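Here the structure is laid out as structure tokens; the discussion comes afterwards.
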Amino acid sequence: MINLSIRELNQLLAKKQISTAELSSVYLDRCRQFNPSLNALLHINNDINPEDLLTANQIDGLLSGIPIIHKDLFSTQGVTTTAGSKMLADYAPPFDATVVSRLSQAGMMSLGKANMDEFAMGSSNEYSYFGAVKNPWDLKRVPGGSSGGSAAAVAARLTPVATASDTGGSIRQPAAFCGITGIKPSYGRVSRYGMIAFASSLDQGGVMAVSADDCGLVLEAMMGHDDKDSTSIKTEAWQWQAPQQPSMKGLKVGVIPGWVEQLKDDDIKRSTEQALKTLTEQGAELIEVDLPHADLAVAAYYILAPAEASANLARFDGVRFGHQTSQQCDNINAMYRKTRSEGFGDEVQRRIMLGTWALSSGYYDDYYCKAQRIRRLISEDFKQAFSQVDVMAVPVSPEVAFKQGDKSDGVNMYQADQFTIPASLAGLPCLSMPVQPAKGLPVGLQLIGPYFDEQVILSTAAQFQMVTDFHKQMPEAFV
Amino acid sequence: MSGQWDVVIGLEIHVRLALDSKLFSGASAQYGASPNSQVSFLDAALPGTLPVVNEKAIDYAVRFGLSIDAEIPEVTRFARKNYFYPDLPKGYQISQMDDPIVGRGQIEIETEQGTKTINITRAHLEEDAGKSIHDQYDDWTAIDLNRAGTALIEVVSEPEMTSAKEAVAYMRAIYNRVTFLGICDGNLQEGSFRCDANVSLKPQGSETLGTRAEIKNLNSFRFIEKAINYEIKRQKKILAQGESVVQETRLYDADKDQTRTMRGKEDANDYRYFPDPDLPALNIITDRLDRQRAAMPELPEAKLNRYMEDWQLPEENARQIAYDVAMAKFFEASQAQTKAKPADNAKFLITDFNALLNEQDSDLADSKISPTDYAGLMDAMASGEISRKIAKQVLDKMWASGESAATIIEQQGLAQISDSDALHKIITRVIKDNPDQVEQFKAGNDKMFNYFIGQVMKQTKGQANPAQTKQILEEQLNNE
């Protein structure tokens with residue numbers, strides 16, 4: 001049962017073969033059983049939330065009664081929301097994030113909160129104050145980050161679906177490392193209200209699930225304009241139309257041969273090429289495209305994201321909420337310094353300093369402004385590419401899940417985001433879906449769509465998943 | 001270095017917008033509520049909260065821009081100004097840097113040498129910080145976030161004022177403008193209008209500006225004049241001794257009437273401004289400009305012209321009314337309801353009504369007499385029913401009783417006798433009763449005419465219509 005899709009679970013509920021409470025209990029039991037070995041969850045509900053149950057019993061719809069876990073970046077009223085940081089270890093928000101309230105209004109059953117890299121900064125989930133998350137496929141390996149907890153939880157089927165967030169690859173890379181499907185919608189598609197900010201112009205909430213169809217169903221319920229978020233775009237909501245059969249005839253798929261060439265791991269290269277071949281077998285046409293400025297993306301991103309973070313994280317000052325130093329302080333600046341040195345981990349401090357420096361007078365034009373120009377150039381590159389193709393298919397990560405401790409040097413880890421950052425800078429919808437594993441470890445393929453066209457990537461992925469079963473594979477230890 | 005110095009002053013004025021809610025949070029912006037009772041999740045900077053701009057604040061800023069003939073750029077953007085302070089919850093203030101909502105404009109000020117135009121560099125929107133209260137507890141600083149996030153516009157002038165008096169005149173001009181537009185309540189005590197002054201000296205005739213000192217947080221017209229004059233004296237003394245003025249921020253101490261160092265240049269913050277990614281750039285569309293143009297009240301300059309050209313008011317009277325919001329409003333409302341000549345209305349309002357208000361220690365804004373009732377009084381005066389002298393008495397009685405002019409005139413029999421039959425009878429009797437005086441008049445003693453007027457007034461207790469009396473008296477005397 002734990003490997004069923006949302007539609008299949010909905011059928012079980014509709015036919016009363018299982019009750020909503022029983023379904024949640026099955027998953028809650030798995031959370032309690034498996035989380036000690038994974039550390040994927042920071043909070044597991046003691047019991048089924050009676051309010052959730054009430055709503056689920058009143059609401060019809062495919063998502064009603066379906067369990068979900070929220071990344072601990074999304075504010076949950078009265079439930080501790082830490083963003084993986086000591087700074088917020090005891091912080092319980094007085095309100096729900098828009099994403100959380102929309103999904104609970106759709107009748108979804110919240111089971112708990114997922115571990116993550118502190119303030120969503122990291123690509124391995126080793127930067128959580130609450131300890132590293134383990135990859136269910138190999139407990140010595142990382143699940144990717146920053147949504148590593150969400151990814152590991154879905155991969156181990158502690159939940160059928162989880163919310164996640166992506167700033168430079170934080171949904172796609174862990175989805176690839178854990179062998180699940182994860183979508184980052186277009187910037188402005190999903191409300192950021194109540195999602196703790198890392199880099200406001202890049203952060204976007206999204207979904208992780210077993211399949212693209214599941215992602216489409218959940219995304220439909222959580223997206224749409226929100227008056228509380230000025231960057232959420234006013235457009236008509238779309239309804240997820242699941243393809244009935246695989247038919248990619250006429251679909252123009254953009255590929256970047258240079259990126260595939262760069263893959264040093266022959267197994268990943270082979271898996272990627274094979275996945276592209278599967279697309280052509282279904283009628284898709286592969287067209288070579290180029291993103292000439294993409295090699296500047298990582299450098300630009302690691303100026304812009306830390307710059308925004310340096311301001312976003314200034315509110316954690318020990319004055320109103322969150323951690324405050326218990327040391328004696330002679331003045332307010334000493335209090336700030338001690339509170340922030342104690343409350344933030346090394347990677348967060350590194351990025352705050354980097355961002356503060358990039359915005360400082362004398363450096364602003366050379367770094368921040370130049371990075372913004374690069375960002376615009378990359379957006380133009382994508383526009384150019386999408387004048388020729390409907391969707392792009394590129395690698396997610398140059399490697400499979402690496403071993404814990406392998407990349408203790410932060411900057412070394414930054415380069416691993418090279419394939420995910422360009423679409424983030426351009427604000428485009430993108431997803432990662434499982435393809436042929438390499439040496440028993442999952443590999444992902446990234447699909448990127450034109451701005452605000454989530455349907456094309458979801459539909460392409462859903463068709464791919466009709467003719468493959470990589471997304472159905474589960475780590476044996478958790479069957 | 002000794003000799004003559006030119007004074008150069010530029011002002012940054014912070015105008016609190018008279019809005020019900022804050023600039024980005026929707027929380028109430030009411031002044032004087034109990035501490036921290038008007039703080040939304042955003043105002044407290046809870047993680048995940050986001051700013052949504054108050055459209056009315058945009059409208060107000062645009063209205064101000066239009067009123068100073070400023071360029072209103074098509075695109076305006078908010079920026080983050082970063083610094084740590086306990087009453088700044090987000091650790092940054094949302095302000096504007098590169099794309100302010102109001103570009104270059106200008107305003108006229110009255111100086112001893114006549115009218116002078118001061119150029120305004122820009123005006124931008126920003127949120128206010130909260131309040132730190134240091135003197136309430138021995139070991140603590142208290143923080144009140146009610147003010148945090150309330151909407152301000154900062155109006156930055158060019159350094160074009162050359163004396164403290166000019167700076168005050170400029171401050172007054174901006175004050176009058178924003179209160180006239182209804183975008184600021186003008187309450188100085190509550191900090192709705194406050195100003196920073198940049199003061200520097202340069203050798204007479206020099207093109208190069210000297211080093212400036214900034215005096216922070218002046219919130220009274222009197223203090224700004226004193227503070228600037230003190231600062232000019234201080235800098236002159238330094239320069240006269242051959243030393244240099246240090247660039248710094250100073251505070252004015254009203255008790256000691258002097259400025260003192262608040263922080264030096266080396267302590268100045270690097271604010272690390274950058275565009276706020278939570279707030280997309282705003283397009284100021286023509287529609288909005290048109291709506292604000294339509295919503296804009298007539299400005300004092302335009303009123304002055306209209307009063308003089310259309311209503312033939314003497315300039316002095318026209319100016320006195322046009323530049324006073326309450327008086328102009330009262331004047332125009334009453335004029336719309338009376339047949340009295342505008343010039344007579346204006347004269348009575350400025351002299352007689354004002355005298356009453358002074359006497360009663362009141363002002364027009366909360367006058368006990370409505371423009372409608374006042375218009376009734378003007379009509380009674382214009383029709384000749386009562387004289388100006390009686391009108392003053394009626395006005396006093398209106399204030400005291402709240403009755404209309406018509407009621408008071410009727411009840412107390414104050415109406416002039418304008419009935420010509422009645423006047424004819426009275427005058428016939430006066431002439432009959434005073435044959436000697438008639439003889440003297442006929443003999444050429446013109447002064448006797450006033451004697452008859454006096455007699456008629458005596459008979460009528462001063463209520464005879466003077467013009468009519470004069471006319472009938474002339475006719476009858478000539479017929480004798």
Side-chain angles (χ1 to χ4, degrees), chain A residues 73-75 81 83 87-88 91 93-98 119 188 191-197 199-203 226-233 304 307-308 310-322 332-333 335-336 340 355-364 368-369 372, chain B residues 23-26 36 39-55 77-95 97-98 130 132 134 139-145 148 267-282:
Chain A
L73 195 69
F74 290 97
S75 300
T81 301
M87 193 58 97
L88 291 175
Y91 171 70
F95 64 98
D96 275 335
T98 297
F119 286 105
S191 169
R192 293 186 296 115
Y193 183 77
M195 188 172 90
I196 298 175
S200 311
S201 74
L202 296 152
D203 295 344
D226 178 10
D227 285 339
K228 297 195 195 99
D229 175 2
S230 310
T231 62
S232 87
I233 309 288
L304 296 175
E308 294 181 14
S310 72
N312 283 333
L313 271 58
R315 68 191 60 203
F316 303 106
D317 57 5
V319 174
R320 296 166 311 287
F321 52 79
I332 187 73
N333 284 330
M335 194 281 275
Y336 288 150
R340 289 167 67 80
T356 303
W357 180 78
L359 290 173
S360 297
S361 98
Y363 299 100
Y364 179 75
Y368 182 85
C369 293
Q372 285 288 26
Chain B
L23 184 51
F24 297 111
S25 79
N36 296 310
V39 182
S40 72
F41 298 153
L42 177 77
D43 301 326
L46 294 193
T49 53
L50 294 168
V52 177
V53 72
N54 183 336
E55 290 290 330
R77 225 179 292 270
F78 288 99
R80 294 182 181 179
K81 179 182 180 180
N82 298 284
Y83 65 95
F84 283 94
Y85 204 71
D87 60 24
L88 186 74
K90 292 190 294 296
Y92 58 84
Q93 177 193 26
I94 305 179
S95 180
M97 188 59 186
D98 288 337
S132 294
H134 300 292
D139 300 329
W140 299 90
T141 290
I143 295 169
D144 179 4
L145 294 179
D267 298 326
N269 279 308
D270 177 358
Y271 291 120
R272 307 188 308 278
Y273 281 95
F274 73 103
D276 191 332
D278 286 333
L279 292 159
L282 276 172

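Side-chain atoms are counted along with the backbone in the values below, which use heavy atoms only and exclude waters and symmetry mates. What you see is a predicted model, and the numbers here were worked out from it, not measured in a lab. Below, chain A is the first sequence line, B the second, and so on; all start at residue 1.
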Contact part of Tyr336(A) toward chain B, heavy-atom cut-off under 4.5 Å: side chain, backbone, both or neither? side chain
Of the backbone (N, CA, C, O) and the side chain (C-beta and beyond), which part of Tyr91(A) lies under 4.5 Å from a heavy atom of chain B, both, or neither? side chain
Taking the side chain as every heavy atom from C-beta outward, state whether Ser230(A) and Val53(B) have any pair of such atoms under 4.5 Å apart. no
Picking from Ala83(A), Ser201(A), Gly194(A), which has the most non-hydrogen pairs under 4.5 angstrom with chain B? Gly194(A)
Judged by atom type as modelled, is there a donor-acceptor pair below 3.5 Å linking the side chain of Asn82(B) to the main-chain atoms of Ala311(A)? no
Over all heavy atoms of both residues, which pair between Ile196(A) and Pro47(B) is shortest? Give the atoms and the distance, please. CG1-CB, 3.6 Å
In this structure, which one of Leu145(B), Leu46(B), Ile143(B) forms a side-chain contact (heavy atoms from CB on, under 4.5 Å) with Arg320(A)? Leu145(B)
Set out, in order, the CA-CA distance, both residues' side-chain angles and the distance that settles side-chain contact (heavy atoms from CB on, under 4.5 Å) for Arg340(A) and Phe84(B), then state yes or no. CA-CA 12 Å; Arg340(A) 289 167 67 80; Phe84(B) 283 94; 3.7 Å; yes
Just by distance, do the side chain of Arg315(A) and the backbone of Ala45(B) share a donor-acceptor pair under 3.5 Å? yes
Stepwise side-chain contact (heavy atoms from CB on, under 4.5 Å) test for Leu359(A) and Tyr273(B): CA-CA 7 Å; Leu359(A) 290 173; Tyr273(B) 281 95; over 6 Å; no
Heavy-atom contact with chain B under 4.5 Å, split by part of Asp203(A): neither
Looking at chain B, which one of Asp229(A), Thr356(A), Asn333(A) has the largest number of heavy-atom pairs inside 4.5 Å, strictly under? Thr356(A)
Is there a side-chain contact between Ser361(A) and Tyr271(B) (heavy atoms, below 4.5 Å)? no
Nearest heavy atoms of Val319(A) and Pro86(B), plus distance in Å: CG1-O, 4.2 Å
Aromatic ring proximity, centroids under 6.0 angstrom, Tyr368(A) and Phe274(B): yes
Under 4.5 Å from any heavy atom of chain B, what part of Phe316(A) do you find: side chain, backbone, both or neither? side chain
Would you mind reporting whether Phe41(B) and Pro93(A) have side-chain heavy atoms less than 4.5 Å apart? no
Need one label for Ser360(A): side chain, backbone, both or neither, based on atoms under 4.5 Å from any heavy atom in chain B. both
Partners of Asp278(B) by salt bridge (Lys or Arg N to Asp or Glu O under 4.0 Å), sequence neighbours excluded? Arg192(A), Arg80(B)
If one checks every heavy atom of Leu42(B) against chain A at 4.5 Å, the contacting part turns out to be neither
Does any heavy atom of chain A fall under 4.5 Å from the side chain of Tyr83(B), the backbone, both, or neither of them? neither
Minimum heavy-atom distance between Pro275(B) and Tyr364(A), given as atom pair plus value: CD-OH, 3.4 Å
